[in-house]
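Notes to accompany the following structure.
Any value given below was found using the heavy atoms of this structure, including those in side chains, with hydrogens, waters and symmetry copies removed.
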Amino acid sequence: MWVRAWAWASSVSGCRWLGAAGSLGVAVGGLAAGTLPVREPWGLWVARGSGLTVAAAILAYLGLTLLVAAWWRYGVLLARGVEDVVRDRVGVTLAFWVAPLVLAPPLYSADVYSYIAQGAMVLEGHDVYGAGPSVLGPDDLGADAADSVGGHWTDTPAPYGPVFLVLAQAVVKLTGGEIVPAVLGMRLIALGAVLLIVWAVRGLGGGSGALWLGVLNPLVLIHVVGGLHNDGLMVGLMLGGVLLAVRGRWVLGSVLVGLAMMIKSPAAVALLFMGVVVARRRGAPWVVGPGLVATAVAAGATVVAGTGFGWVRTQGVAAAIHTALSVTSDVGLGLGLLVTGEAEPVKGVVQKLGLLAAVVIIAVLAWRAWKGRIEPVLGLGLSLVVLVALSPMVQPWYLLWGTVVVAAAGAWRTRVGQVLVVLSAALVYETQPSGHTPAYGFVLAGVVVVLGSWWMRRVPWGGAGGGGGASSGGGAGSESGAAGAVPGAMSGTA
C-alpha cells in the first residue's frame, strides 16, 4: 500500500493534487493567520484568537511545504522527460493550484492595502506622490484599507506609476472602497497578470519547463496570487512587449513596456534588449526606437491619469527601508558600523556602488546580445536578476522579475536556472502568512537553500536528456543559446 501511495504521490497526477492540497492549506490557514485587515465589517477576514491563529499558521506552513514539494517533483519529472508530464497540460495544473487562493484574504504581505488606499487617495483628491495613506480620514473611501497598511508605508508616498494607480482607482470606485470586494478586485488584476505571463512565455517558445519555472513557481502563487503584488502585472506587460518585439511588432511591444514602466520602473531594462532586437534587424540607429516609444507612452499615460509626474521623485523611497535580502544594504550597514560607527552614509555609498555595478553588468550583457553571443531575452532575464541582487531594497518576490524571463528564454535547466529554482523554493519561507518577517523565516529559507543545492549537485538538471516537449520549443531564447548549460541528463534515480 505504501509503495502504491508513494508511486501515486510522485506521479504527475499526484503532483497536481498534492500541490492543490498544499495551496488549499495555505488559503485555509490564511483565514486566521493571513494578513488580515484591522477592520472588516463582513466578518470573513477577522482575527479569531491566538490559539487558532497559531494553528492556522502551522497549517499554512505545512500547506506551503506540500506545494513546494509538489512543484519540485513536477520539475524533476519534466527534467527526466517523463512522458506523462511532457504530455501534461501545465495550464490545468496551474488552475488547480491557483483556485484555492482566489477567495483567500491577503497573504504574506499588506501591500494590497496600500494599493487600495492609494487608489482611494486619487479619488479623494490627495497627492499620492506627496503623502501616504494616513491622510485618508475615517469617512473617506478606503479608510479601512488605509488603517490596515503596514507600519512604515502609512506615511510613504506611492512608488508606483500612474497606470497602476488608475487600476487601483477603478477597483475602489467599483467596490466603494469596501475592503473585501476591493481586495478581490485587485486579485482579479493579479490573475490577469498571471494569464498575461502564460501567454508571453508560450509565445516566446517556452514549453512545459518554462511554464513550470515561470508560472507554476511558488513565488508566483504565493506573492502574486496570494499576496497580490503588482510585480506580476509589471512582468506580464514587460514580457508581452518583448514577445511582440521578437515577432517584429516592436512599436506595440514598446507601448506595453511603457505601460509596464508605469506599474513599476524596473521594466525599463527591457527597452535596452528590445532595442538590440530591433537594431539587429533595421540597423544600429534603431536601438533607441523602443525607448522613444515607451517614453512617449509613459508621458502620455501620466498626463491622461492626472496624477502628475511625482512618480519620478518617489522611485527611490523604498530604498530608505532596510531589507535583509539586500546584499549591498547589509554590507554597507556592516562596514559603516565597523569603520565609522555611522551606518547610513557608508550604506548609501555601497548601495550606489551596487547599482553602478549592476548598470555595468547590464551594459555588458546588452553588448553580448548585440554581438549575438547571448539571446536578447536571456540577456534581459540575467540583467533583471543582477539588478535585484545588487538593489538597495530586495523583497522575495523581486526574484520573479528575472526568473520569469529566464524561464521564457528556455534556460530553466541551465546553472542559472538551477539557482533560480532553489531560490524560488527557499524565499517563500522568508515571510509569515501575516506578512511579518521573523528570524526563523531566514533559517527555513537557508535550510531549503542547502537541501536544494545538495539535490542539484547530486542530480543536475542537464540539457542533454529530459527530452521531448519538456524543454523550450526553440523560441527567441531557446535553451541552446543559454550560457552555462549544465551537461548531462537527469538520471533515473530518485
Sequence-distant partners of Tyr429, ring pair (Phe, Tyr, Trp, His ring centres under 6.0 Å), two or more places apart:
none
Residues 298-313 vs salt bridge (charged side-chain N to carboxylate O under 4.0 Å, His left out), sequence neighbours excluded, gives Asp127-Arg313
Ring pair (Phe, Tyr, Trp, His ring centres under 6.0 Å) with Phe273: which residues, sequence neighbours excluded?
none
Pairs satisfying side-chain hydrogen bond (donor to acceptor under 3.5 Å, both in side chains), at least one member in residues 289-305, at least two apart
Thr302-Trp311
Residues forming a side chain to side chain contact (heavy atoms under 4.5 Å, CB included) with Ala69, sequence neighbours excluded
none
May I have all residue pairs that pass salt bridge (charged side-chain N to carboxylate O under 4.0 Å, His left out) and include part of residues 379-395, sequence neighbours excluded?
none
side-chain hydrogen bond (donor to acceptor under 3.5 Å, both in side chains) pairs, two or more places apart, involving residues 190-201:
none
Anything under 3.5 Å between a donor and an acceptor, one on a side chain of residues 115-125, the other on a protein residue two or more places apart or in another chain? List them.
residue, atom, partner, partner atom, Å
Tyr115, OH, Asn230, N, 3.1
Tyr115, OH, Asn230, OD1, 3.4
Glu124, OE2, Leu141, N, 3.0

Listed once per pair and sorted, the side-chain hydrogen bond (donor to acceptor under 3.5 Å, both in side chains) pairs that draw on residues 183-192, sequence neighbours left out
none
Identify, with sequence neighbours excluded, every residue that meets side chain to side chain donor-acceptor pair (under 3.5 Å) alongside Thr323.
none
Not counting sequence neighbours, which residues clear ring pair (Phe, Tyr, Trp, His ring centres under 6.0 Å) with Trp401? List them please.
Tyr398
Could I get the full list of side chain to side chain contact (heavy atoms under 4.5 Å, CB included) partners for Leu213, not counting sequence neighbours?
Trp71, Asn217, Thr403, Ala407, Trp412, Val421
